[in-house]
Every structure is written in structure tokens, then in C-alpha cells.
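Here the structure is laid out as C-alpha cells; the discussion comes afterwards.
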Amino acid sequence: MPGRKLGFAVKVLGEPDLPSHDTRRWQSGPHLSVSLERLGRIFDYLARARIAMYRFSSSLVPYGTHPDLPQFHGQVEECTEKLASLGEHARTLGLRLSSHPSQYIVLNSTSPEVSRRAVRDLELQARLLDAMGLGPEAVVVLHVGSAEAGPEAGKERFLRAVERLPGAARGRLVIENDDRVFSVADVADISKRTGLRVVWDILHHHCHDPEGIPDREALRLALATWPAGQVPKIHYSSPKTAVEERARKRGRRRERRLVLPQLRAHADMVDPIAFEQFLRGPARGLSFDVMLEAKAKDAALLRLREQLAARGLPSEDGALRTP
DNA sequence: CGATGTCAAGGAATC
DNA sequence: GATTCCTTGACATCG
């Protein structure tokens, strides 16, 4: 069994002064070239920390598709060479990259304008990965989106939108099960009808699993949507506990309701015992990379790796050795 | 300097 | 039909 990559999303907390992208307001003229310099410094950090998978910021291209700011729309083309060399750097490092557009990118919105904007953003994310010359394992992860007029209608709108999607964007697009509407069975069905690959999010599955599909079966369902020769990936996180939730609410100054566990929120860290049980149980013998979604980002990844090593699951070159 | 408001952006629940 | 929440981090502004 080959090693398994562990990754984290966007923000680096393990070292200071490693911003993820150019965050300036449009008035200050932010640019992809600045974001890419910062991304390069993050790559160096990832190499030092032996972290082999990373999700870059969905705002890497500042205002890259903003409808009122066309002067920002050519940034990928303006950075062709920088992107190519960064991509080569990533390939040299064996770094697996991905993108995950924000909640505002809703491909199956009932508003045609919102859906068109989503298409433009997905095209932009795909052009980034293409310009970096990355292989098919570098994907753009998206939720199915809106359930307006019911989940079935939402699913149909999604299918129609994917049909209209330009090839480059469609080739990078991967769908993820969400925590309240579209289950792993739903996204597997969409995959069957579109050929899109599926990222299984275990926490979302535990929040929303109307079909009652056991973890191993859900995992296999998702992994089967990836072609032979590609390493699938999943999202893994631990739920925020009642204690953490209470602490957060106290931080704000509102106490209108009893504080109950919000099992859908991501915890700061990853529970190493649960993760080990997952690897030794439902995931045993299966091959995939793991994107961790913990509030503590890379700090959570590094801590988890230590704890796993102490429990007899060591990692080498950023890839976890697993049963 | 610390606190507070704002940001490009959607959807759904609530009133 | 309009408002509020969700949830997020950092910039911008103000005292």
C-alpha cells in the first residue's frame, strides 16, 4: 500500500508571516502575481514541513471574476510564466494541489446570473491548475449547492449545469457530499450521470446520511468514482465538541440560547484515536489521500502526524504509512 | 493600539 | 417582501 498524503487548507498557522494570497481591496490594485509569490513561500514551508497536499485559497486571483471589475479578468494570462514555474515546483515536491470555491459559488442556483458567475469562477480555478501544468489529481471541489424547490430539482439543475460546463472546468470538477441536503448517495448518483469524481467528507456523512450507509460502504462508493491510476481523496475532520462550542459562544457576548453541541462544526484539532480507528477499520486496505479540515490547519496536521507515529502509524516524506 | 465594521459574492429560515 | 443568520479572516476605519 503506497503512502497516503495528508493535507490542509489555505491558511498556514505553523509559522508566522506566510499569508495565503493578496488580500488587498480592489482600490489598492491586488494581483495574482503577489498571491503567487506568497504561494511560492508556502510551497517552501510545505517542503520543510514535509506536507504533501495543500488547498490554495479560492481568492488566489483577486477579483478574478468580479462582474464590475473587468480589468482584473486577465490575471491568469498575465502570470503564465509564474504559474508554469510554480507548477513545476509543485510537481518536483510531489505536492498535490486543489481548490475549493466558497459558498457563494452556486452552479445550480435558480438565478441564471448566479449560475453563470459560478461557471466563470470554475473556469478560472481550472485555468489556474491548467496553467500550472498539474495532473488530473489536482481538482476543484464543489458542493452540489442549492436545494431550492427540493433536492431532486436541485440535483436536476446541477446535472443540466454540468452539461453546459466547458470541458476544461468540467475536467477539474469534483463533487462533495454536504452536511444537510446532498448525501454521498446523491453525489454518487450525480457522478454516475456525469462522470464527475466524488470527494467523500466523513463529517458531513455523519451529519447527513438519510440512506444509513456505513462508513466503509460510503467510502468505497466515493473511491469507485475515481479512474484507475488516480489516487482519490477524502475530507476528514473531527466535530467540535460541546465544550469548544460553549467557549466560542462565551467569546461573543450572546447567550440567548442553551449551548448545544454543533456536531457539524470543525474542531480545532483532529481526534487521533478516531482517525486511527477509521484507518484501521472502514478504511483498511483502501488507498486515498486525506485533506484535513481542522481549524488549526497545518498545526493540526503536524500534531496528528506525531500522535499517529506514537501509535505505530509513522509517515515518511509527508505520506502516511497505513495499514 | 484596540475595537468595530466591512468585504463581491448566496441561500434559507424567520419575521 | 425584508431581515437575519450562517461563518470567515483580514483589511480598513475610527476612537
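Each chain gets a letter, A, B and so on, in the order the sequences are listed, and its residues count up from 1. Below, each value reflects all heavy atoms present in this structure, side chains not excepted, and no hydrogens, waters or symmetry copies.
For A:Ser146, the side-chain atoms get nearest to B:dG11 when compared with the rest of C:dA10, B:dG11, B:dG10. Among the nucleotides C:dC11, C:dC6, C:dG9, the one closest to the side chain of A:Gln103 is C:dC6. Closest to the side chain of A:Arg117, out of C:dG9, B:dA9, B:dA8, is B:dA9. Nearest to the side chain of A:Ala147, among B:dA12, C:dC11, B:dG10, sits B:dA12. Candidate nucleotides B:dA8, B:dA9, B:dG11 were compared by shortest atom distance to the side chain of A:Tyr104, and B:dA9 ranks first. For A:Val106, the side-chain atoms get nearest to B:dG11 when compared with the rest of B:dA9, B:dA8, B:dG11. With C:dA12, C:dC11, B:dA8 as the candidates, the nucleotide lying closest to the side chain of A:Thr65 is B:dA8.
The distance between atom CH2 of A:Trp26 and atom C1' of C:dA12, rounded to the nearest whole Å, is 14 Å. As a whole-Å value, the separation of A:Asp121 CG from B:dA8 C1' is 11 Å. Between A:His100 atom NE2 and C:dG9 atom C1' there is a gap of 17 Å when expressed in whole angstrom units. Here the P atom of nucleotide C:dG9 and the NZ atom of A:Lys297 are 7 Å apart, to the nearest Å. Protein atom CZ of A:Phe182 is 13 Å distant from nucleotide atom C1' of B:dA12, rounded to whole Å. Atom P of nucleotide B:dC7 and atom OH of A:Tyr63 are separated by 10 Å, given to the nearest angstrom. Counting to the nearest Å, the P atom of B:dC7 and the NE2 atom of A:His21 are 16 Å from each other. We find that NZ of A:Lys295 is positioned 10 Å from P of C:dT7, with the value rounded to whole Å.
When both distances must be under 3.5 Å, the Watson-Crick or G-U wobble mate of C:dT8 does not exist. Pair assignment for B:dG2 gives C:dC14, based on Watson-Crick or G-U wobble hydrogen-bonding distances that are each under 3.5 Å.
Contact between the side-chain N/O atoms of A:Ser102 and the OP1/OP2 oxygens of B:dA9 is not found at any separation under 4.0 Å. In this model, the phosphate group of C:dA10 is approached by a side-chain N or O of A:Lys11 to a distance below 4.0 Å at OP1 or OP2. For C:dG9, the OP1/OP2 oxygens have no side-chain nitrogen or oxygen of A:Ser20 closer than 4.0 Å.
For A:Trp200 and A:His205, the ring centers sit closer than 6.0 Å to each other. For A:His100 and A:His143, the gap between ring centers is short of 6.0 Å.
A donor and an acceptor atom, one from each side chain of A:Ser98 and A:Lys233, are located under 3.5 Å apart. Of the N and O atoms on the side chains of A:Arg157 and A:Ser146, at least one donor lies less than 3.5 Å from an acceptor on the other residue. Side-chain contact of A:Tyr63 with A:Asp68: a donor-acceptor pair under 3.5 Å is absent, judged by distance alone. Side-chain contact check for A:Glu211 and A:Ser183: at least one donor-acceptor pair (N or O, by modelled atom type) lies under 3.5 Å. Defined by atom type and a distance below 3.5 Å, a donor-acceptor pair is missing between the side-chain atoms of A:Glu293 and A:Ser237.
Between the P atoms of B:dA8 and C:dC6, the separation comes to 23 Å (whole Å). The P atoms of C:dG9 and B:dG11 are separated by 23 Å, rounded to the nearest whole Å. To the nearest whole angstrom, the two P atoms, one in C:dT7 and one in B:dT14, are 14 Å apart. Only the P atoms considered, C:dC5 is 14 Å distant from B:dG5, to the nearest whole Å. The P atoms of C:dT4 and B:dT6 are separated by 13 Å, rounded to the nearest whole Å.
For A:Arg24 and C:dC11, a side-chain-to-base donor-acceptor distance below 3.5 Å is absent, hydrogens and geometry of angles not being considered.
Mapping A:Arg180 and A:Arg25 onto DNA chain C by nearest heavy atom places A:Arg180 closer to the 5' end of the strand.
Within the 4.0 angstrom heavy-atom criterion, no nucleotide atom of any strand lies near A:Ser111.
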